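Labels below follow one simple rule: chain letters A, B, ... track the order of the sequence lines, proteins then strands, and each chain is numbered from 1. Fair warning: this is a prediction, and the values are worked out from it, not measured in the lab.
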There are 2 protein chains.
Amino acid sequence: MSQSDILKALIAENLVSDPKGARGRLLQEAARLFRDKGYERTTVRDLAAAVGIQSGSLFHHFRTKEDILKAVMVETIRLNTAIMQAAVDEAGTPEQKLRALVRAELESINGQTGEAMAVLVFEWRSLSEDSQADVLALREIYEALWLDVLGTLKAEGALLAEPFVVRRMLTGALSWTVTWYHPERGGLTLDGLTDQVMAMLGFSPAN
Amino acid sequence: MSQSDILKALIAENLVSDPKGARGRLLQEAARLFRDKGYERTTVRDLAAAVGIQSGSLFHHFRTKEDILKAVMVETIRLNTAIMQAAVDEAGTPEQKLRALVRAELESINGQTGEAMAVLVFEWRSLSEDSQADVLALREIYEALWLDVLGTLKAEGALLAEPFVVRRMLTGALSWTVTWYHPERGGLTLDGLTDQVMAMLGFSPAN
DNA sequence: GACGATACCAAGCAAGCGCTTGGTTTGTAA
DNA sequence: TTACAAACCAAGCGCTTGCTTGGTATCGTC
């Protein structure tokens, strides 16, 4: 199942908005603006201009500006959870599963959904506490996937550190790539970067 | 040389402000507020109230609000560069030097200067491009320390991945601890966390 | 004990903010 | 063609923002 198939399935279930529709386009532009300028520095007038409507018309689609931020985050998590799940299911050994997870998360962070992923990390504090709780609940499924794989590797002796610590370190390390990794400028490919991450964890790249 | 001795030396050289003075107290409160609420959500009225003056009086000490943010970052980098330098100098083997660096950075992020370190990571985009360039120049000395130690370990065969990739991964991983590591709630000590990081990199804790 | 510099206050300005309002256009289906 | 809802516009309200202004304490120094 390809990533675009996963996206289509989620759109059909109404779990994420079609990027071709009005709502989906707005969320995409919002993610880009929020990443580039930050949530606070992005005005509703900026958002409206990005999709070619008046600022007041935004509030026909979303109740508040914060609702837009929350929607960006929720839909991003839904999409990525499905992508990660597929990546794990398709891989064989635990080490291959870990590699698939790392590779998929790097792809999410640095690929098409990169803007939204960066927003998820860097604009977290701009969400109200209530919204934070809602979004956190969604993230748990996602995190369980990782802990499961890391736990198996630890039991096998392939991992020295604690799974929950490793996962948190990886969250930071992989998210941070968005600030320095620019494949279009040449250098490391996505697979090469994945190899480096695995090597850092002590797994040799010959797999 | 203890951390407080380093601080005193820097104050004497006028490279960082005395936390007991007016300017130093303001910077400390600013770091706390910027971390807790974010730079944009923190108003000059908040800052003034935190040190017990009127909002207009702030502009006697700093030309703009952004100058306050920049000062927080600059002084934090100066202090931490000195601390890291001392940590490296005191350690013996390259592996011990790496451990000392990890431990020192974790201490910076989660200890007294934690507020300012978090600001450095999460409020980066709120700096104007010119200020970003100034601050980046300061960071280079700091980064060179890490790359030197990691390069030696790589040459020794103790490290599989590329030093510059490892450093960037560690930057993300260690910074991210600020979002989840709370030693006061029990659990992992700082030394325990350092051990976990080293174990993740494939170094056994018996050192 | 007069003087200048430093630190502060009280008041408020101009601009920009999120969001509301009342009304018009557009799409859809009978 | 009519009816109705969804999508949008034009205008602006009430409030907050960073910062300025003109004036007043407080201080060390000669």
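- Within a 6.0 Å sphere centred on NZ of B/K8, heavy atoms belonging to other residues, nucleotides or ligands number 12 at most.
- When distances run from any side-chain atom of B/Q54 to the nucleotides C/dC9, D/dT17, D/dA7, the shortest one goes to C/dC9.
- In this structure, A/S57 does not reach the D/dA7 phosphate: none of its side-chain N or O atoms is under 4.0 Å from OP1 or OP2.
- A/E40 has its CD atom 12 Å from the P atom of C/dC17, to the nearest Å.
- D/dA7 atom P lies 11 Å from atom CZ of A/F62, rounded to whole Å.
- Atom-to-atom, CG of B/D46 to P of D/dT16 comes out at 12 Å; the value is rounded to the nearest Å.
- B/T43 comes within 4.0 angstrom of sugar-phosphate atoms only, judged by non-hydrogen atoms across all strands, and of no base.
- Checking the phosphate oxygens (OP1, OP2) of C/dA7, a side-chain nitrogen or oxygen of B/H60 falls inside 4.0 Å.
- Side-chain proximity of B/F59 to the nucleotides D/dT20, D/dT17, C/dG18 is greatest for D/dT20.
- We find that CG of B/L47 is positioned 15 Å from P of C/dC8, with the value rounded to whole Å.
- The distance between atom CG of B/L58 and atom P of C/dA7, rounded to the nearest whole Å, is 13 Å.
- In this structure, B/E184 places its CD atom where more than 12 heavy-atom neighbours from other residues, nucleotides or ligands lie under 6.0 Å away.
- Between the CG atom of A/L33 and the P atom of C/dC17 there is a distance of 13 Å, given to the nearest Å.
- For B/I53 and C/dA7, the CD1 to P distance is 11 Å, given to the nearest whole Å.
- Where A/S55 and A/H61 meet DNA chain D, the nucleotide closest to each residue was compared, and A/H61 sits on the side nearer the 5' end.
- With hydrogens and angles ignored, a donor-acceptor pair under 3.5 angstrom links the side chain of B/R45 to the base of D/dG18.
- The distance between atom CZ of A/R41 and atom P of C/dA15, rounded to the nearest whole Å, is 19 Å.
- Both the sub-6.0 Å distance and the 45° axial angle are satisfied by A/K65 relative to the ring of A/Y39.
- Residue B/L10 holds its CG atom at 11.0 Å from OG of B/S17, rounded to the nearest 0.5 Å.
- Summary of the strand contacts: A/G56 and B/K65 both lie near DNA chain D, and taking for each the nucleotide with the nearest heavy atom, the more 5' one is attributed to A/G56.
- Using a 30° and 60° split on the angle between ring planes, B/W180 and A/F164 fall in the perpendicular class, above 60°.
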